[in-house]
Amino acid sequence: MSNQESMNRVRAGLARRYAAERRFRMYGVIAILLSLAFLLMLFVSIIGNGYTAFQQTYIKLDVNFDPAMLDPTGSGDMKIINRTGDFQGVIKQALRDAFPGVTKRGDKRNLYGLVSGGAGFELRDRLHADPGLMGRTVSIWVTADAEIDMVVKGHIDREVPEDDRRVKDQTIAWIDALVAEDRLEKRFNITFFTAGDSRNPEQAGIWGAAVGSVYTLIVTLVLSFPIGVAAAIYLEEFAPTNRFTDFIEVNINNLAAVPSIVFGLLGLAVFINFFGMPRSAPMVGGLVLTLMTLPTIIIASRAALKSVPPSIREAALGIGASKMQMVFHHVLPLAMPGMLTGAIIGMAQALGETAPLLMIGMVAFIVDIPGGVFDPSTVLPVQIYLWADSPERAFVERTSAAIMVLLAFLVTMNALAVLLRKRFEKRW
Amino acid sequence: MEIAMNTSEAVMSPESTIENGVLAPVRDAVGTPLLAREDARMTCRNVNVYYGEKHAIHDVSLDIGKNEVIAMIGPSGCGKSTFLRCLNRMNDTIDICRVQGQIRIDDQDIYDKSVDVVPLRAQVGMVFQKPNPFPKSIYDNIAYGPRIHGLSNNRTDLDEIVQGSLQKAGLWEEVKDRLDQPGTGLSGGQQQRLCIARAIAVSPEVILMDEPCSALDPIATARIEELIDELRSNFTIAIVTHSMQQAARVSQRTAYFHLGDLVEVGPTEEIFTNPSHKLTEDYITGRFG
């Protein structure tokens, strides 16, 4: 074939080659646009559902801290008042004063429903902070009931016939009256970020689950990172290649593919039943998640170690570094960014993990903020699961809000990891 | 050394020299002035290297004299690098590699079970084909060896070692103002001189160089060759090279390897002007290789 002929063939094929390339690039762009669209859908739905949860309706009441109700024995001792004081009664009194026209028993009960069942505790805390309030009448903003909150935010439609509506016309009239008097207001929902779980949506918060997640992740990180990295270093740098190490390698790869609920069962059987560790504790959750993330970290760390160029190893060995010095002075620092990436992937997985934690009792309804790794607690994804399961309309927006908090948590963690990586890479 | 020579003589069969006619390697040269040197720093006797089933080096016996530069030449895959890497046991890192025979330094077989590779490699340093500075500062590159071996008592000591090594490697003037800059930021030739400085910082007796100039341009190569010549007064140098001109320029003796055999070893001038072996002649005249 002459040169002219072959050039003709080359030219004839060019259009086809470029068309193939254009097609391939188009597929890529379509794939990216599709995934962006899905991501956008996800965010729009979550944020659209959830942003209202960051606000909460409050009602201003003229509360009389009546010693006859709060301290019937006249002790003046805050401890006794805390235990026996009828704070909810004081609120009811304030409501009756605000709406003197309400006289029937049933109507009164509906009237009391305007205010959260936990509002009494808010009063108690106020009195605790300022005992001088006793005997005085003060204007106080108290948390409104979740249903009232839903009406105010428009989640409960006023146009729906009264029989099909959870909030009756009478209550809506009261709400309108309160609004007219400037006694009803939406404010930033601090409770959501400071409280633990509650049966009352307006009293429920994410803080307990967030703290539980932090404790669980700390346990997971403290255990899985050193163990995973040590295992990876040993297997990659020191272990002889024989049947036994092959067997271990195959098993590590298999462990990475085991469904996480199986680790939960294992944790239940071993850590709780056999070792007698407390149920629902971040310690046990952390241990279970450690088992789950270890294979991820080991596999990523080994890949990172493998990618360190052999010339660096030879350089170190060539001037008489021992194997251990070679690994710790040269190989490990170079592999560190890769190892950190693996650890972060593992941690992100652990942060979002729900199934194994259900098995070890972290799905329990826990109101208190955990104070340590052995206190019963729950974690963010389990809290989301619990709220998503609740029938109250107000939990729908809180579920989405909790998802936002979880995502923010995740983004912060990843950002931190990227920063760490940058610092490590800069040093070299 | 006497014992080593005796054993090798005993193992040698006279047939081995004549069995393949012209292809027969000079194996029986033990005892001849060319091979066994009075001033030998390292003596190798009947070294065989296997990679798994593959027999990579056959029965090589070679002395490396004190303060000499010995060049090892030969076509690709002839085993010269493998042999070089045996001299400080760098082959230990390859799982399937087995070494038989004796390699002695200070009358101690370096493949003896009692020998620790860490001091051995401090005594027999190495410079590799591709410049491989650590991704650290120039200072830390040089100081690393002395640090791990505990060669300096204080910072001043260490500074002196670093400066001395860089001066010996002819790099001091170029880098003295930027010792804290990463060693990987230097040019290829500078990096290779940095690696040489790093090797001499632990004061080895022997320096092994595995094609140290193959990744460098001619100017950097000339600079390194000069350096090798200067280093000869303090160190014993074994260099593997693909360039026959380089071997001719820097070495006092040259060993020609062919397919795992040491074919011929002798004074460089003689090898290049009057090789006693047909294979050597073919190679140096460019008929193959």
Side-chain angles (χ1 to χ4, degrees), chain A residues 229 232-250 301-341 420-428, chain B residues 81 84-85 87-96 116-137 140-151 165 182-185 191-192 194-204 207-210 215:
Chain A
V229 168
I233 291 175
Y234 178 74
L235 286 173
E236 201 54 50
E237 305 286 341
F238 294 98
T241 17
N242 55 29
R243 279 237 177 115
F244 184 63
T245 45
D246 284 350
F247 177 73
I248 290 178
E249 186 165 353
V250 168
S301 300
R302 290 188 70 175
L305 287 170
K306 268 200 192 103
S307 68
V308 173
S311 64
I312 293 296
R313 297 164 199 270
E314 286 193 326
L317 290 178
I319 49 172
S322 66
K323 204 159 186 182
M324 176 126 164
Q325 286 171 327
M326 171 193 90
V327 171
F328 282 90
H329 295 164
H330 302 287
V331 178
L332 199 56
L334 289 177
M336 215 18 130
M339 290 178 166
L340 278 178
T341 309
L420 263 176
R421 271 189 64 155
K422 277 267 158 61
R423 282 203 52 186
F424 266 105
E425 277 171 345
K426 232 180 238 167
R427 273 183 52 205
W428 296 94
Chain B
S81 284
L84 190 78
R85 290 166 64 93
L87 297 179
N88 70 345
R89 289 183 59 176
M90 281 306 281
N91 282 337
D92 286 14
T93 53
I94 302 163
D95 282 338
I96 53 166
D116 189 348
V117 293
V118 168
L120 171 71
R121 286 176 188 154
Q123 199 178 5
V124 183
M126 188 151 192
V127 175
F128 297 87
Q129 186 168 359
K130 230 182 91 202
N132 55 356
F134 297 129
K136 299 181 179 215
S137 72
D140 287 336
N141 259 287
I142 310 293
Y144 182 69
R147 271 194 193 128
I148 58 170
H149 295 301
L151 300 183
S165 309
T184 41
Q191 285 190 18
Q192 195 62 299
L194 181 69
C195 293
I196 294 174
R198 182 177 64 192
I200 58 186
V202 292
S203 329
I207 302 176
L208 311 174
M209 297 189 180
D210 189 356

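Note that the coordinates shown come from a computational prediction; the quantities given were computed from them, not determined experimentally.
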Could you tell me whether the side chain of I319(A) reaches within less than 4.5 Å of the side chain of R121(B), counting heavy atoms only?
-> no

Is the shortest heavy-atom distance from the side chain of R313(A) to the side chain of T93(B) under 4.5 Å?
-> no

Heavy-atom distance under 4.5 Å to chain A: side chain of [X], backbone, both or neither?
| X | answer |
| --- | --- |
| V118(B) | both |
| P204(B) | neither |
| R89(B) | neither |

H329(A) side-chain N/O to I148(B) backbone N/O, donor-acceptor pair under 3.5 Å = no

Sidechain-backbone polar pair: N132(B) side chain, I312(A) backbone, donor-acceptor under 3.5 Å | no

For residues G318(A) and N88(B), report the shortest heavy-atom separation together with the two atoms involved.
-> O-ND2, 4.5 Å

When every non-hydrogen atom of A315(A) is compared with those of F134(B), the smallest separation belongs to CB-CE2, 3.7 Å

Of all residues at least two apart in sequence or in a different chain, which pass the salt bridge (charged side-chain N to carboxylate O under 4.0 Å, His left out) check with E314(A)?
-> R85(B)

Counting heavy atoms not belonging to F238(A), are there more than 12 under 6.0 Å from its CZ?
-> yes

